[in-house]
Amino acid sequence: MAKEKPSIPKGTRDFGPQEVAKRKYILNTIEKVFIKYGFMPIETPTMENLSTLTGKYGDEGDKLLFRILDSGETLEKIRNSKFEIRNQNEFNNLIAEKGLRYDLTVPFARYVVMNRNEITFPFKRYQMQPVWRADRPQKGRYREFWQCDADVVGSDSLLHELDLINIYQEVFKGLCIDVEIKINNRKVLAGIAEVVKGIEHLNTIAVAIDKLDKIGKEGVSKELTELGFTISEIENLFDIITIKGTEAEMLEALKLKLQNSFEGLVGIEELAFIFKNINSSTNEPTNLKTDFSLARGLSYYTGCIFEVAAMEGSLRSSIGGGGRYDNLTGIFGLDGVSGVGISFGLDRIYDVLEELKLFPETLSQGSSKVLICANNSIENIELAPVLQLLGKLRNEGIASEIYTEKINVKKPLEKPIKYASSKKIPYAIIYTENETLKLKNLETGFQEELSMEEIIERLQN
RNA sequence: GUGGUUUUAGCUCAGUCGGUUAGAGCGCCUGAUUGUGGUUCAGGAGGUCGUGGGUUCGAGCCCCAUAUUCCACCCCA
């Protein structure tokens, strides 16, 4: 049989013990805050029916869905198909009816609709699971990555927006990352579109100005010119989105600009409410900034939208995002349920913490606290006492192991101690032929002869 | 989907104009330093040069295809 070089699919990664410890540290930090704010966990399947997923993320999103090939007589099915297959997409739909989930929000909406009778609204759930996108991998972008979402459905109250912003603030403070939380409102964007050229241009304008950070004023105006916008329309647009000042001043100035847009004024009111109350429930000042050029791609947002970026480090893209969607469950047949949610990008947060060296050092410790080194080269050595000690240590909840491999007779302790130090096990118990026990602290090198009880006592601290 | 980039020892990487037996550092293994991590010394193992074709007397190096890495665009966490 030919030997095969092992590999994993493009854009996926293995995680070793150290990496898992770091990822769990992030997950735990996030989860604790979610729970503190009254959110309950749910989990949904890795795969969803494609009918659940398609059409929710736009044309671009549909292309990025991983489809799961149907099992069974697919060929027969195609042969019997009365329809002419006109393109790849139609073919794909014939041979696949399931797909890997693309985010956690759409499966959640599906869950809410299917369980609407059991759920008490407003329903606050969190969910931390991997999602898959058939994107080209690059910096901060993976084909398999984890999202940590908290959403509230069944409430219009802006108090939830306040909670979610505070969750962002608390989590990133807990992780020691300096972040800027940007906020905007889809209704404000609608108002801007209305005033500048007409509400039907909302999406075009939103997509273009979202790039302002990246390609600058000139890039955006060039793009809009090519799309048929006049110079005065573009100037008018920039006058609005580049308003400067304190948050209150910006909102006042915008109010004048959007005085002819009812929807725009509603959006401004919502932002004003949030800024008025955001610092009331926490002692920490929140680094929340309005940014009228923030648009966010997903088309289902209808109210406030958020995006979080790290202030330091080379990762320019967002490490979190979210917003309000008034009718997400509508597409699954349940109207009038408003939702608002946020998402944390675990993998990007990991990259930021790694680059800025912000992981706590305690995470890199070994799994065991102590290694028992018994000289197994001596034929008649009595192992029962050390095995008994091992059991006692474990009963006390002290992570322990015994060195199991053949040792060098001349240097009976070399291998075990090398093993312990390379695995970052902090203590060794040395058991020799005269059947005494020594506890050695591998960090300081200090060792002393102790009884079994004394050893357990020392290791409990 | 578009454009670029990477791939050589376990790891990080050299490898000239296409020319004899493909190298270094680190790591690993064995031995010495007279019971225990380190240092030093001596020795050793380890390669289908990503894969498949092609050009050539001759390919790690040139050409084609393909996979893969990383990066930018699109889009997004």
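In what follows, every chain begins at residue 1, and chains take the letters A, B, ... in the order their sequences are listed. No hydrogens, no waters, no symmetry mates; every other heavy atom, side chains included, goes into these values.
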- Nearest-Å distance, CZ (A:Arg133) to C1' (B:C76)? 6 Å
- Note on the structure: Closest of B:C75, B:U36, B:U30 to the A:Lys214 side chain is B:C75
- Item | All side-chain contact (heavy atoms from CB on, under 4.5 Å) counterparts of A:Arg316, not counting sequence neighbours | none
- Residues two or more places apart in sequence or in another chain: which of them pass side-chain contact (heavy atoms from CB on, under 4.5 Å) with A:Leu27? A:Met128, A:Trp146, A:Cys148, A:Leu346
- Do A:Glu448 and A:Arg458 meet the salt-bridge criterion of a basic N to acidic O distance under 4.0 Å? yes
- Query: Is the distance from OP1 or OP2 of B:A72 to the nearest side-chain N or O of A:Gln138 less than 4.0 Å?
  - Reply: yes
- For A:Lys182 and B:A77, what is the distance between atoms NZ and P respectively, to the nearest whole Å? 14 Å
- Task: Take A:Gln138 and A:Arg136 through the side chain to side chain donor-acceptor pair (under 3.5 Å) test and state the conclusion after the steps.
- Result: CA-CA 7 Å; A:Gln138 57 175 282; A:Arg136 277 246 181 122; over 6 Å; no
- Task: Can you tell me the distance, in whole Å, between the NZ atom of A:Lys415 and the C1' atom of B:G35?
- Result: 16 Å
- Note on the structure: Among B:G37, B:A77, B:C75, the one nearest any side-chain atom of A:Ser318 is B:A77
- Message: Please pick, from B:C74, B:C76, B:U36, the nucleotide with the shortest atom-to-atom distance to any side-chain atom of A:Ser317.
- Response: B:C76
- Message: Quick check on contacts: within residues 443-457 of chain A, what sits under 4.0 Å from RNA chain B by heavy-atom distance?
- Response: A:Gly445, A:Gln447
- Would you indicate what A:Gly322 reaches in the nucleic acid, counting non-hydrogen atoms under 4.0 angstrom: base, sugar-phosphate, or nothing? nothing
- What interatomic distance, in whole Å, is found between P of B:U21 and the corresponding atom of B:C61? 16 Å
- Return the value, rounded to whole Å, for the distance between atom CD1 of A:Ile430 and atom P of B:G37. 11 Å
- Of A:Gly321 and A:Leu442, the one whose closest RNA chain B nucleotide lies more 5': A:Leu442
- Pairing annotation in dot-bracket form, given for RNA chain B with Watson-Crick or G-U pairs under 3.5 Å and | for cross-strand partners: ((((..(..((((.....[...)))).(((((.......))))).....(((((..]....))))))..))))....
- Message: Considering every strand and a 4.0 Å limit on heavy-atom distances, what is the contact class for A:Asp149: base, sugar-phosphate, or nothing?
- Response: nothing
- Query: Are A:Ser314 and A:Lys139 close enough that a side-chain donor and a side-chain acceptor fall under 3.5 Å?
  - Reply: yes
- Classify the nucleic acid contact of A:Ile417 as base, sugar-phosphate or nothing, counting any heavy atom under 4.0 Å across all strands shown. base
- Task: Just call it for A:Val308: base, sugar-phosphate, or nothing, with non-hydrogen atoms closer than 4.0 Å on any strand.
- Result: nothing
- Check RNA chain B against residues 139-147 of chain A and give the residues with a non-hydrogen atom under 4.0 Å, in numerical order. A:Lys139, A:Gly140, A:Arg141, A:Tyr142, A:Phe145, A:Gln147
- Task: Under 4.0 Å between any heavy atoms, over every strand shown, what does A:Leu64 touch: base, sugar-phosphate, or nothing? Just pick one.
- Result: nothing
- Item | Cationic N near anionic O, under 4.0 Å, A:Asp326 to A:Arg186 | no
- Report the nucleotide, chosen from B:A77, B:C76, B:U2, that has the shortest atom-to-atom distance to any side-chain atom of A:Arg136. B:U2
- Message: Without decimals, in angstroms, what is the distance between A:Lys211 NZ and B:A72 P?
- Response: 16 Å
- Item | B:U7 versus B:G60 - spacing of their C1' atoms, nearest Å | 12 Å
- Task: Could you give me the CA-CA distance, side-chain angles and deciding distance for A:Tyr57 and A:Asp103, then say whether side chain to side chain donor-acceptor pair (under 3.5 Å) is met?
- Result: CA-CA 10 Å; A:Tyr57 310 108; A:Asp103 71 356; 2.7 Å; yes
- Could you give the distance separating B:A14 and B:A77 at their P atoms, to the nearest angstrom? 37 Å
- Between B:C76 atom P and A:Tyr301 atom OH, what is the distance in whole Å? 10 Å
- Query: What nucleic acid atoms does A:Lys440 come within less than 4.0 Å of, heavy atoms only: base, sugar-phosphate, or nothing?
  - Reply: base
- Task: Could you measure between the two P atoms, the one in B:U69 and the one in B:U8, and give it in whole Å?
- Result: 13 Å
- Roughly how many Å is it from CZ in A:Phe66 to P in B:C76, rounded to a whole number? 17 Å
- Item | Distance test, side-chain N/O of A:Lys418 to OP1/OP2 of B:G37, below 4.0 Å | no
Please tabulate, for side-chain N and O atoms in residues 216-230 of chain A, each donor-acceptor pair with protein atoms closer than 3.5 Å (sequence neighbours left out).
from, atom 1, to, atom 2, distance (Å)
A:Ser221, OG, A:Lys217, O, 3.2
A:Ser221, OG, A:Glu218, O, 3.1
A:Glu223, OE1, A:Lys211, NZ, 3.4
A:Glu223, OE2, A:Lys211, NZ, 2.7
A:Thr225, OG1, A:Ser221, O, 2.5
A:Thr230, OG1, A:Ser232, OG, 3.4
A:Thr230, OG1, A:Glu233, N, 3.2
A:Thr230, OG1, A:Glu233, OE1, 3.4

- Query: In whole Å, what separates the P atom of B:U33 from that of B:U20?
  - Reply: 44 Å
- Message: In whole Å, measure the gap between the P atoms of B:C57 and B:U16 for me.
- Response: 23 Å
- Query: Does A:Lys22 pair with A:Glu354 as a salt bridge, N-O distance under 4.0 Å?
  - Reply: yes
- Query: Can a salt bridge be assigned to the pair A:Lys173 and A:Glu170 using a cut-off of 4.0 Å between side-chain N and carboxylate O?
  - Reply: no
- Task: Report the distance from atom CD of A:Glu307 to atom P of B:C76, rounded to the nearest whole Å.
- Result: 10 Å
- Would you sort out whether A:Asp347 and A:Arg23 count as a salt bridge (Lys or Arg N to Asp or Glu O under 4.0 Å), showing the intermediate values? CA-CA 8 Å; A:Asp347 304 78; A:Arg23 290 167 66 87; 3.0 Å; yes
- Item | A:Phe172 vs A:Phe344, ring-ring contact (aromatic ring centres under 6.0 Å, His included): CA-CA, chis, key distance, verdict | CA-CA 10 Å; A:Phe172 287 115; A:Phe344 290 83; 5.5 Å; yes
- Is the distance between the ring centroids of A:Phe34 and A:Tyr126 less than 6.0 Å? yes
- B:C17 versus B:A42 - spacing of their P atoms, nearest Å: 36 Å
- Considering only atom C1', compute the distance from B:G35 to B:G43 and round it to an integer number of Å. 24 Å
